[in-house]
Engineer: 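A single structure is presented below for examination.
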Amino acid sequence: MKVSTKGRYALRLMIDLAQNQDEGRQSLTSISKRQNISLKYLEQLVRLYNKAGYIKSTRGAQGGYELAKPASEYIIGDILR
């Protein structure tokens, strides 16, 4: 099965959020540095996954992104679709 670049980056985003969920909300800048993904590309992905209900965003100084539900409830196929 071939996975597109968009799909690979989306999986890396979701895995990063899952691995760091104990630390609270994550900024796109920190995710971008850890995963070596361009900030602009992450912004596009976050919009899609926020709208789909996979992640939650919080604005403000203490804001950032986090998973909308426990990591164990996500299925790779759903993320890629």
Engineer: Quick one: side chain to side chain contact (heavy atoms under 4.5 Å, CB included) partners of Ile15, sequence neighbours excluded?
Structural biologist: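 Result, side chain to side chain contact (heavy atoms under 4.5 Å, CB included) vs Ile15: Gln19.
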Engineer: Name all residues meeting the side chain to side chain donor-acceptor pair (under 3.5 Å) criterion together with Thr5; count only those two or more places apart in sequence or in a different chain, and write none if there are none.
Structural biologist: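 So Thr5 forms a side chain to side chain donor-acceptor pair (under 3.5 Å) with Arg8.
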Engineer: Test your reading of the model: is there a side-chain donor-acceptor pair from Ser32 to the backbone of Ser38, 3.5 Å cut-off?
Structural biologist: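 No: the side chain of Ser32 does not pair with the backbone of Ser38.
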Engineer: List the residues meeting side chain to side chain donor-acceptor pair (under 3.5 Å) with Thr58, not counting sequence neighbours, and say none if there are none.
Structural biologist: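 Side chain to side chain donor-acceptor pair (under 3.5 Å) list for Thr58, sorted by chain: Arg25.
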Engineer: Suppose the criterion is salt bridge (Lys or Arg N to Asp or Glu O under 4.0 Å): which pairs have a residue in residues 70-81, not counting sequence neighbours?
Structural biologist: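 Applying salt bridge (Lys or Arg N to Asp or Glu O under 4.0 Å) to every pair that reaches into residues 70-81, excluding sequence neighbours, yields Asp78-Arg81.
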Engineer: Tell me, which pairs form a salt bridge (Lys or Arg N to Asp or Glu O under 4.0 Å) where one or both residues lie in residues 31-51, sequence neighbours left out?
Structural biologist: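 Passing the test, one end in residues 31-51: Asp16-Arg34.
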Engineer: Applying ring pair (Phe, Tyr, Trp, His ring centres under 6.0 Å) as the test, list every pair that has at least one member in residues 10-42; sequence neighbours left out.
Structural biologist: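 Found Tyr9-Tyr41.
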Engineer: Does a side-chain heavy-atom distance below 4.5 Å link Leu17 with Ile31?
Structural biologist: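 In short, these two side chains touch, coming nearer than 4.5 Å.
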Engineer: Quick one: list whatever passes ring-ring contact (aromatic ring centres under 6.0 Å, His included) with Tyr54, sequence neighbours left out.
Structural biologist: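 Tyr54: ring-ring contact (aromatic ring centres under 6.0 Å, His included) contacts with Tyr49, Tyr74.
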Engineer: Does the side chain of Leu13 come within less than 4.5 Å of Ile37's, by heavy atoms?
Structural biologist: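 A side-chain contact under 4.5 Å is absent here.
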Engineer: Indicate the atoms forming the closest heavy-atom contact of Ile55 with Met14, along with that distance.
Structural biologist: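 What the structure gives for the nearest pair is CG2-SD, 3.8 Å.
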Engineer: Applying side-chain hydrogen bond (donor to acceptor under 3.5 Å, both in side chains) as the test, list every pair that has at least one member in residues 62-71; sequence neighbours left out.
Structural biologist: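 Listed once each, the pairs would be none.
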Engineer: In terms of heavy-atom contacts, does CD1 of Ile76 have more than 12 from other residues, nucleotides or ligands at under 6.0 Å?
Structural biologist: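 Open.
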Engineer: Under the side chain to side chain donor-acceptor pair (under 3.5 Å) rule, collect the residues that match up with Thr29, sequence neighbours excluded.
Structural biologist: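 Testing Thr29 for side chain to side chain donor-acceptor pair (under 3.5 Å), a comparison that skips the adjacent residues, returns none.
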